[in-house]
Amino acid sequence: MAAAGPSVFLLMVNGQVESAQFPEYDDLYCKYCFVYGQDWAPTAGLEEGISQITSKSQDARRALVWNFPIDVTFKSTNPYGWPQIVLSVYGPDVFGNDVVRGYGAVHVPFSPGRHKKTIPMFVPESTSKLQKFTSWFMGRRPEFTDPKVVAQGEGREVARVRSQGFVTLVFNVVTKDLRKLGYDTGAADGAGASGPGPAQGPLH
């Protein structure tokens, strides 16, 4: 009797939150978490983490280097809800309170291999001068109660934000049984396509 084909595929992701550029700030740390659809489940590794605090390098780049490892494996029956990684960067204000210095999110690359991504970060803004002064004086800047909102569309259109800084990530992506289930990431022909093939439809 012939063996049945696979019913799930695997997505293995490792790499690191490599570094950041925040010219105005120093002594920052980074949190990450993954956001994914209801058909997805982590099977190994960590889906969230928090880095060490790092200071700017002394060279001309003035980079904040974390080299903080990422290592997680997901299984799914459906590419809809393809995982995103959400980053939150924090550091001290003038009063020594930890405040958010940036949020950002990016999808895990669709095609297998090594990928380097630089993510623009942003922070929520107070909507009035009084709120800005009060939040500065009280040491409580606007921030999202749940950083996962960054990866979702609902409610984002009413949030006022300001661009601030960049974070660089390195991903090593391996997929298993994606092609056997009829999905084409374009990797087998050596083209290294960055998006899903036509069989997959929308992923987010």
Is the backbone of C30 close enough, under 3.5 Å, to the side chain of S51 for a donor and an acceptor to pair up by distance? yes
Could you check whether R101 pairs with E24 (Lys NZ or Arg NE/NH1/NH2 to Asp/Glu carboxylate O, under 4.0 Å)? no
Heavy-atom pair with the smallest gap, counting every atom of T77 and Y183: O-OH, 4.1 Å
What is the distance from atom CH2 of W40 to atom CZ of F34, rounded to the nearest 0.5 Å? 11.0 Å
For E47 and Y36, test the side chains for any donor-to-acceptor distance below 3.5 angstrom and give the result as yes or no. yes
Any idea which heavy atoms bring L46 and V72 closest together, and the distance? O-CB, 3.5 Å
In the structure I gave you, are the side-chain heavy atoms of Q52 and F68 within less than 4.5 Å of one another anywhere? yes
Taking a hydrophobic cluster as the set of Ile, Leu, Val, Met, Phe, Trp and Tyr residues connected by side-chain heavy atoms closer than 4.5 Å, whether directly or through intermediates, do Y29 and V100 fall within one such cluster? yes
Of V17, N172, N14, the residue whose pairing with I70 passes side-chain contact (heavy atoms from CB on, under 4.5 Å): V17
Gap between atom SG of C33 and atom CD of Q84 - 0.5 Å precision: 10.0 Å
Taking atom CZ of F166 as the centre, report whether more than 12 heavy atoms of other residues, nucleotides or ligands fall under 6.0 Å from it. no
With a 3.5 Å distance limit and no angle check, can you tell me whether W66 reaches the backbone of Q16 through a side-chain donor-acceptor pair? no
Tell me the closest heavy-atom pair linking L28 and G91, and the distance in Å. CD2-CA, 3.5 Å
More than 12 foreign heavy atoms under 6.0 Å from CD of Q38: is that the case here? no
With a 4.5 Å cut-off on side-chain heavy atoms, are K117 and P109 touching? yes
Chi angles and distances behind the side-chain contact (heavy atoms from CB on, under 4.5 Å) call for T168, K116: CA-CA 7 Å; T168 300; K116 193 168 190 170; 3.6 Å; yes
Residues joined to M12 in its hydrophobic cluster, side chain to side chain under 4.5 Å directly or through other members, sorted by chain and number, are L10, V174
Between L181 and L11, is there a shared hydrophobic cluster once you connect ILVMFWY residues whose side-chain heavy atoms come closer than 4.5 Å? yes
Mind checking whether F171 and M121 sit in one hydrophobic cluster, side chains of I, L, V, M, F, W, Y counted as touching below 4.5 Å? yes
Euclidean distance, D27 CG relative to Y25 OH, rounded to 0.5 Å: 13.5 Å
Show the nearest heavy-atom pair for residues V108 and W82, with the distance to one decimal. O-NE1, 2.9 Å
Given V167 and V89, is the side-chain contact (heavy atoms from CB on, under 4.5 Å) satisfied, shown in steps? CA-CA 9 Å; V167 173; V89 175; 4.0 Å; yes
Nearest 0.5 Å, what's the CD-OH distance between E48 and Y32? 8.0 Å
Atom OG of S76 and atom CG of L178: how far apart are they, to the nearest 0.5 Å? 9.5 Å
Where do N78 and D39 land on the side-chain hydrogen bond (donor to acceptor under 3.5 Å, both in side chains) test, with the steps shown first? CA-CA 6 Å; N78 182 345; D39 293 327; 3.1 Å; yes
F22 with V65, same ILVMFWY side-chain cluster at under 4.5 Å: no
Path from F110 to V106 over hydrophobic side-chain contacts below 4.5 Å: yes
Rounded to the nearest 0.5 Å, how far apart are NZ of K56 and CZ of R61? 13.0 Å
For the pair D177 (side chain) and K180 (backbone), establish whether a donor and an acceptor sit closer than 3.5 Å, ignoring hydrogens and angles. no
Return the minimal non-hydrogen interatomic distance between L64 and D26, and the atom names on each side. CD2-OD1, 3.7 Å
Closest approach of S111 and H115, non-hydrogen atoms and distance? O-NE2, 2.6 Å
Taking the six-membered ring of Y90 as reference, does the NZ or CZ atom of K31 fall below 6.0 Å from its centre and within a 45° cone about the axis? yes
